[in-house]
Undergrad: 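Sharing a structure here in structure tokens format.
As the structure is a prediction and not an experimental result, all values here were calculated from the model. All values below were derived from every heavy atom in this structure, side-chain atoms included, with hydrogens, water molecules and symmetry-related copies excluded. Letters A, B, ... mirror the listed sequences (proteins, then strands); counts begin at 1.
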There are 2 protein chains.
Amino acid sequence: MISCLLVEDQTLVRLGLANLLNLSDVICVEGQAENGEDALNQLEQRDFDVVLLDMRMPVLDGLGVLRALQNSTKCAPPILIITTFEDCEVLVSAMALGAKGYVLKNIELEELIESIKQIVAGRKVLQPALTDYLLQKQIAPQIELTEKERQVLTCLSLGMANKTIARNLHNSEGTIRNHVSHILAKLEVQDRTQAVLKAIELGLV
Amino acid sequence: MISCLLVEDQTLVRLGLANLLNLSDVICVEGQAENGEDALNQLEQRDFDVVLLDMRMPVLDGLGVLRALQNSTKCAPPILIITTFEDCEVLVSAMALGAKGYVLKNIELEELIESIKQIVAGRKVLQPALTDYLLQKQIAPQIELTEKERQVLTCLSLGMANKTIARNLHNSEGTIRNHVSHILAKLEVQDRTQAVLKAIELGLV
DNA sequence: CAAAAACAGTGACAGATGTCATAGCGAAAA
DNA sequence: TTTTCGCTATGACATCTGTCACTGTTTTTG
């Protein structure tokens, strides 16, 4: 039996998932935590074979737990991140902080159990859907904006007109127009509205 | 026993929650659906005492289900929305579309079961946390857009130019300009970029 | 040092955007 | 029935927006 610590803030999801896993004949949820601090405490008190860790949590989130464990002297069990797609921007950070696997909550139960086994066996796990996501991010050329352009883009995403931006950044309107023009080119869009949307999408603002 | 249809796209959460509810001695999850269409099919085939409905789903989301049921001739069972805080902008829409209750996924199991009983008994249920949220929103004046304006706003938030919108909606550019003008007035902003930002903020798109 | 890049600026231009007045049509509400 | 509202449309207008070419200064970098 694989002993497992389940860290998840939503009570319903946690209890439900714990039950499901316990129904299997290989995994036993022997600890539950509803936030990061709670999880760290339990990890100090006893050993687990694996930790199932949610990302978005109050008090101390998933990344916080990973950071704490990296700085700890104790040898922590392997960690499988299990979270929603919305939180997958932190995928890279999480893996860099030593997580051994990353799966989405819409995974099938069998797949999850298989993933846990893989993790315990020392392998790494990434859902296919996520490798695609990673590739996309890699391909999407990282936009190289200059400091000034970033400032102007921020103003754009606050809905400012060129005149207003000029006043704010102490430049002539013409200069701002030039900066905007460069931003549009770099983001490969046709106008400021599209620029703002793309900036939001790429998390540039 | 209360017979219940559980509609939730994330397999883990759905199976887990179904198990939990079945462990209680009052609720029996007799149907599961992983999206809105699936749910509507099951509702046609047999009756349930109550529907637990997630909001964010592929294919057909929670609001879509509510809309479909309103336009249906059949008398649908009472519906309890159960979703995450991030999706609670649709609270008002959901209740307006006939949902009988709205709770967040971080609710305690006992509370959830109590809520379901209340719903089945014909009462309405709103988590305390949500009434606060409602009050906040009430203060923010609700924006009344016409159908056409909503369409145009959607186009705006996709970054389209007036000319493009005109082509898309089969109107003259002048007409679109008029609509845009009205939208700006109603949203109390000065240009399309601000309109898009406000629309996103208010969850209008 | 020399090239490259970021920054600031100007002037001119085309086209996009938003406002306003006005008007016709059809459906819904009073 | 009259009125109101939503939708469509046009023309005129002022302003905003984005592009381009060209000129500088300063800082970074090879």
Undergrad: Taking side chain as C-beta onward, heavy atoms only, is B:Thr83 less than 4.5 Å from B:Arg56?
TA: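 Of all side-chain heavy-atom pairs linking B:Arg56 with B:Thr83, none is under 4.5 Å.
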Undergrad: Below 4.0 angstrom, which residues in residues 158-165 of chain B have at least one non-hydrogen atom near DNA chain D?
TA: none
Undergrad: Spell out, as yes or no, whether a donor-acceptor pair under 3.5 Å connects the side chain of A:Asn162 to the backbone of A:Glu173.
TA: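 Not confirmed, A:Asn162 side chain does not pair with A:Glu173 backbone.
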Undergrad: Are A:Ser115 and A:Ile107 side-chain neighbours, meaning at least one heavy-atom pair lies under 4.5 Å?
TA: yes
Undergrad: When the nearest nucleotide of DNA chain C is assigned to A:Lys186 and to A:Arg177 on a heavy-atom basis, which residue is associated with the more 5' position?
TA: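 With A:Lys186 and A:Arg177 compared, the 5'-side residue is A:Lys186.
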Undergrad: For B:Thr154 and B:Ser157, does a side-chain donor sit closer than 3.5 Å to a side-chain acceptor?
TA: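 Distance-only check fails for B:Thr154 and B:Ser157.
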Undergrad: As a quick check of understanding, evaluate side-chain contact (heavy atoms from CB on, under 4.5 Å) for A:Val180 and A:Val152, giving each step before the final call.
TA: CA-CA 7 Å; A:Val180 171; A:Val152 173; 3.9 Å; yes
Undergrad: So where does chain A start and stop touching DNA chain C, 5' to 3', when the test is distance under 4.0 Å to a non-hydrogen atom?
TA: C:dA6 to C:dA12
Undergrad: For B:Arg46, is there an ion pair with B:Glu30 - N to carboxylate O distance below 4.0 angstrom?
TA: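 A salt bridge links B:Glu30 with B:Arg46.
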Undergrad: What protein N or O atoms touch nucleotides 7-10 of chain D N or O atoms at under 3.5 angstrom, if any, and at what distances?
TA:
| from | atom 1 | to | atom 2 | distance (Å) |
| --- | --- | --- | --- | --- |
| D:dC7 | OP1 | B:Lys148 | N | 3.2 |
| D:dC7 | OP2 | B:Thr146 | OG1 | 2.5 |
| D:dT8 | OP1 | B:Lys148 | NZ | 3.1 |
| D:dT8 | OP1 | B:Asn171 | ND2 | 3.2 |
| D:dT8 | OP2 | B:His179 | NE2 | 3.2 |
| D:dT8 | O5' | B:Asn171 | ND2 | 3.3 |
| D:dA9 | OP2 | B:Asn171 | ND2 | 3.2 |
| D:dA9 | OP2 | B:Ser172 | N | 2.9 |
| D:dA9 | OP2 | B:Thr175 | OG1 | 3.3 |
| D:dA9 | N7 | B:Asn178 | ND2 | 3.3 |
| D:dA9 | N6 | B:Asn178 | ND2 | 3.3 |
| D:dT10 | O4 | B:Asn178 | ND2 | 3.2 |

Undergrad: Roughly how far, to the nearest 0.5 Å, is CZ of A:Arg67 from CG of A:Asn71?
TA: 9.5 Å
Undergrad: I'd like to know if the side chain of A:Glu149 reaches the main chain of A:Thr146, judged simply by a donor and an acceptor atom lying under 3.5 Å from each other, with no hydrogens or angles considered.
TA: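 Yes.
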Undergrad: Any ion pair linking B:Arg150 and B:Glu144 (charged N to carboxylate O, less than 4.0 Å)?
TA: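 Salt bridge between B:Glu144 and B:Arg150, a charged N being under 4.0 Å from a carboxylate O: no.
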Undergrad: side-chain hydrogen bond (donor to acceptor under 3.5 Å, both in side chains) with B:Asn171: which of B:Lys148, B:Arg177, B:Gln151, B:His179?
TA: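 Single side-chain hydrogen bond (donor to acceptor under 3.5 Å, both in side chains) partner of B:Asn171 among B:Lys148, B:Arg177, B:Gln151, B:His179: B:Lys148.
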Undergrad: Take the protein atom CD1 of A:Ile176 and the nucleotide atom P of D:dC16, then report the distance between them rounded to whole Å.
TA: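 After rounding, the reported distance stands at 15 Å.
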